[in-house]
**Student:** 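Have a look at this one.
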Amino acid sequence: MKNLLINYISGDKFLEKLDLEVYFNSLKKIKNADKFVVVNDISDTNIKKLATIYDKVIFGEAPFYYVYHLFYDILKEYGHHYDYAMYIDTRDVIIQKNPFDYMESKKDKDLFLVCEGMKVSENDFNLGWHNILSSTQIFPNNDGVNNLITNGGTIGGKVKDFMYILLLAITNANRKSPGMITDQSIYTSLYPYLKDLKTVDYCHPYTSALCATGEAIKYKNIDIQFINGEACNMQGEPYYLFHQWDRTEFADEIRNKQKNTLSFSI
């Protein structure tokens, strides 16, 4: 199978961060996918360096909240070459195992969404985003505060299904509102409609090893183990992805292991 990983990087200062170096080192674990990066406000020098890591560097001079438009355009142009596609954040992600191996092992699943393991009502940021989205809806979900949060920084699946959910984010976020409608609030609002579909894998950290997210770990909504420098479930199995690791008590240990290896500069 042929797969595609998409990243987004904005600003040269972003490339100076040790946390991004952690991500780049872990990126080497993905060997069965082409890697594209969308860049915004990056110097020519750093674009050349990124070209040694990624198969394609794409100029997408647009703010972060526009990224799902950019991802859709990439898949529209290149998606027919690939079976699976995935977007993951960069600076706060560690790839512990290859997530495409996980998706390919689930032959009956077309879309993979990461459930953070907490409800909307249990997190102030997500509750705020939910309230903004609900204020623009004619028929808001009265029980939406009890939806399980769907992470906006880790999403993947078969190309056509990935494109469909990007379209939902694009069209639903394109409305006047008192604040920004985030992709995460859109995906979370879809939880009651998608959770029972047999072709959708809602990857909860207690029932799936795809991803653990630091926000839920930080606020004790979920428990994990940290074994030999890796985030693992309570059975000791390493997660494929450790997202938002910088928000957890393990961040200093991870950074200390990586320090003095920076290779990017303005």
Side-chain angles (χ1 to χ4, degrees), residues 1 3-9 14-33 35 37 53-54 84-106 109 112-118 122-123 148-157 184 201-264:
M1 286 187 166
N3 306 311
L4 176 63
L5 176 74
I6 305 174
N7 287 154
Y8 173 82
I9 294 175
F14 192 78
L15 288 164
E16 291 185 309
K17 295 182 181 297
L18 180 63
D19 293 9
L20 187 62
E21 196 81 5
V22 173
Y23 174 75
F24 284 150
N25 273 350
S26 73
L27 186 58
K28 300 170 186 176
K29 294 184 178 176
I30 297 182
K31 301 183 184 299
N32 60 344
K35 304 175 184 75
V37 61
I53 298 173
Y54 291 94
Y84 289 88
M86 188 172 210
Y87 164 73
I88 54 178
D89 284 348
T90 50
R91 180 193 54 77
D92 61 351
V93 171
I94 299 174
I95 300 166
Q96 300 188 151
K97 297 189 292 184
N98 187 344
F100 288 100
D101 291 344
Y102 179 90
M103 291 192 290
E104 289 179 5
S105 73
K106 306 279 187 176
K109 303 297 183 183
F112 298 83
L113 301 172
V114 170
C115 176
E116 295 196 5
M118 56 183 172
E122 294 174 322
N123 184 267
L148 291 177
I149 295 168
T150 303
N151 187 269
T154 308
I155 185 170
Q184 182 154 307
D201 191 2
Y202 259 100
C203 303
H204 190 289
Y206 283 164
T207 58
S208 166
L210 179 59
C211 185
T213 51
E215 189 79 356
I217 297 167
K218 175 182 177 181
Y219 290 108
K220 309 299 183 184
N221 296 100
I222 65 165
D223 294 315
I224 68 164
Q225 301 183 81
F226 198 64
I227 303 173
N228 298 324
E230 291 189 312
C232 302
N233 61 23
M234 298 309 290
Q235 290 72 46
E237 179 185 7
Y239 290 99
Y240 284 77
L241 301 171
F242 188 14
H243 188 195
Q244 301 169 348
W245 60 268
D246 58 326
R247 307 180 193 185
T248 71
E249 62 186 289
F250 315 114
D252 287 343
E253 180 177 341
I254 292 168
R255 290 191 182 103
N256 287 336
K257 183 178 179 181
Q258 187 67 39
K259 65 183 179 182
N260 300 322
T261 63
L262 282 174
S263 60
F264 277 87

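This one's a predicted model, so the numbers in the text were calculated from it and none came from an experiment.
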**Student:** Without hydrogens or angle criteria, can the side chains of Glu116 and Asn123 be said to hold a donor-acceptor pair below 3.5 Å?
**Tutor:** no
**Student:** Measure the spacing between CG of Leu113 and OH of Tyr202 and express it to the nearest 0.5 Å.
**Tutor:** 5.0 Å
**Student:** Hey, could you give me the CD/CD distance between Glu230 and Gln96, rounded to the nearest 0.5 Å?
**Tutor:** 4.5 Å
**Student:** Of Leu210, Thr154, Ile95, which meets side chain to side chain contact (heavy atoms under 4.5 Å, CB included) against Tyr240?
**Tutor:** Leu210
**Student:** Restricting to non-hydrogen atoms, name the atom on Trp245 and the atom on Arg91 that form the minimum distance, rounded to 0.1 Å.
**Tutor:** NE1-O, 3.8 Å
**Student:** To the nearest 0.5 Å, tell me how far Gln225 CD sits from Gln235 CD.
**Tutor:** 8.0 Å
**Student:** Counting N and O atoms only, with roles assigned by atom type, does the side chain of Tyr206 sit under 3.5 Å from a partner on the main chain of Asp223, one being a donor and the other an acceptor?
**Tutor:** yes
**Student:** How long is the straight-line distance from CZ of Arg255 back to CG of Asp246, given to the nearest 0.5 Å?
**Tutor:** 6.0 Å
**Student:** Can you name the nearest heavy-atom pair linking Tyr87 to Gly152, along with the distance?
**Tutor:** CE2-O, 3.9 Å
**Student:** Would you please classify the geometry between the Phe112 ring and the Tyr102 ring as parallel, tilted or perpendicular, with 30° and 60° separating the classes?
**Tutor:** perpendicular
**Student:** Evaluate Phe250 against Ile224 for side chain to side chain contact (heavy atoms under 4.5 Å, CB included), listing each step before the verdict.
**Tutor:** CA-CA 11 Å; Phe250 315 114; Ile224 68 164; 3.8 Å; yes
**Student:** With Met86 as reference, evaluate Asn7, Ile6, Leu241 under the side chain to side chain contact (heavy atoms under 4.5 Å, CB included) test and give the passing residue.
**Tutor:** Leu241
**Student:** Any donor-acceptor pair under 3.5 Å linking the side chain of Asp89 with the backbone of Asp92?
**Tutor:** no
**Student:** Roughly how far apart are Glu253 CD and Thr248 OG1, rounded to 0.5 Å?
**Tutor:** 9.5 Å
**Student:** Measure from the side-chain N and O atoms of Thr213 to the backbone N and O of Glu215, and report whether any donor-acceptor pair falls under 3.5 Å.
**Tutor:** no
**Student:** Please find the pair of heavy atoms, one from Leu5 and one from Ala33, that lie closest to each other, and give the distance.
**Tutor:** N-CB, 4.4 Å
**Student:** Could you report the tightest heavy-atom contact between Tyr84 and Met103, atom names first, then the distance?
**Tutor:** OH-O, 3.7 Å
**Student:** Are the side chain of Glu21 and the backbone N or O of Gln258 linked by a donor-acceptor pair below 3.5 Å?
**Tutor:** no
**Student:** Over all heavy atoms of both residues, which pair between Ala209 and Pro238 is shortest? Give the atoms and the distance, please.
**Tutor:** CB-O, 4.1 Å
**Student:** Taking the side chain as every heavy atom from C-beta outward, state whether Ile222 and Ile217 have any atom pair closer than 4.5 Å.
**Tutor:** yes
**Student:** Could you tell me whether Lys35 sits above the aromatic face of Tyr54, with NZ or CZ closer than 6.0 angstrom to the six-membered ring centre and within 45 degrees of the axis?
**Tutor:** no
**Student:** Which of these, Val22, Leu20, Leu15, sits in a side chain to side chain contact (heavy atoms under 4.5 Å, CB included) with Thr90?
**Tutor:** Leu20
**Student:** Give me the atom names and distance for the closest heavy-atom approach of Pro205 to Cys115.
**Tutor:** CD-O, 3.1 Å
**Student:** Donor-acceptor check, side chain of Lys31 to backbone of Lys28, threshold 3.5 angstrom: yes or no?
**Tutor:** yes
**Student:** Taking the side chain as every heavy atom from C-beta outward, state whether Lys97 and Lys29 have any atom pair closer than 4.5 Å.
**Tutor:** no
**Student:** Could you tell me the separation between the CG atom of Asn3 and the CD atom of Glu104, rounded to the nearest 0.5 Å?
**Tutor:** 4.5 Å
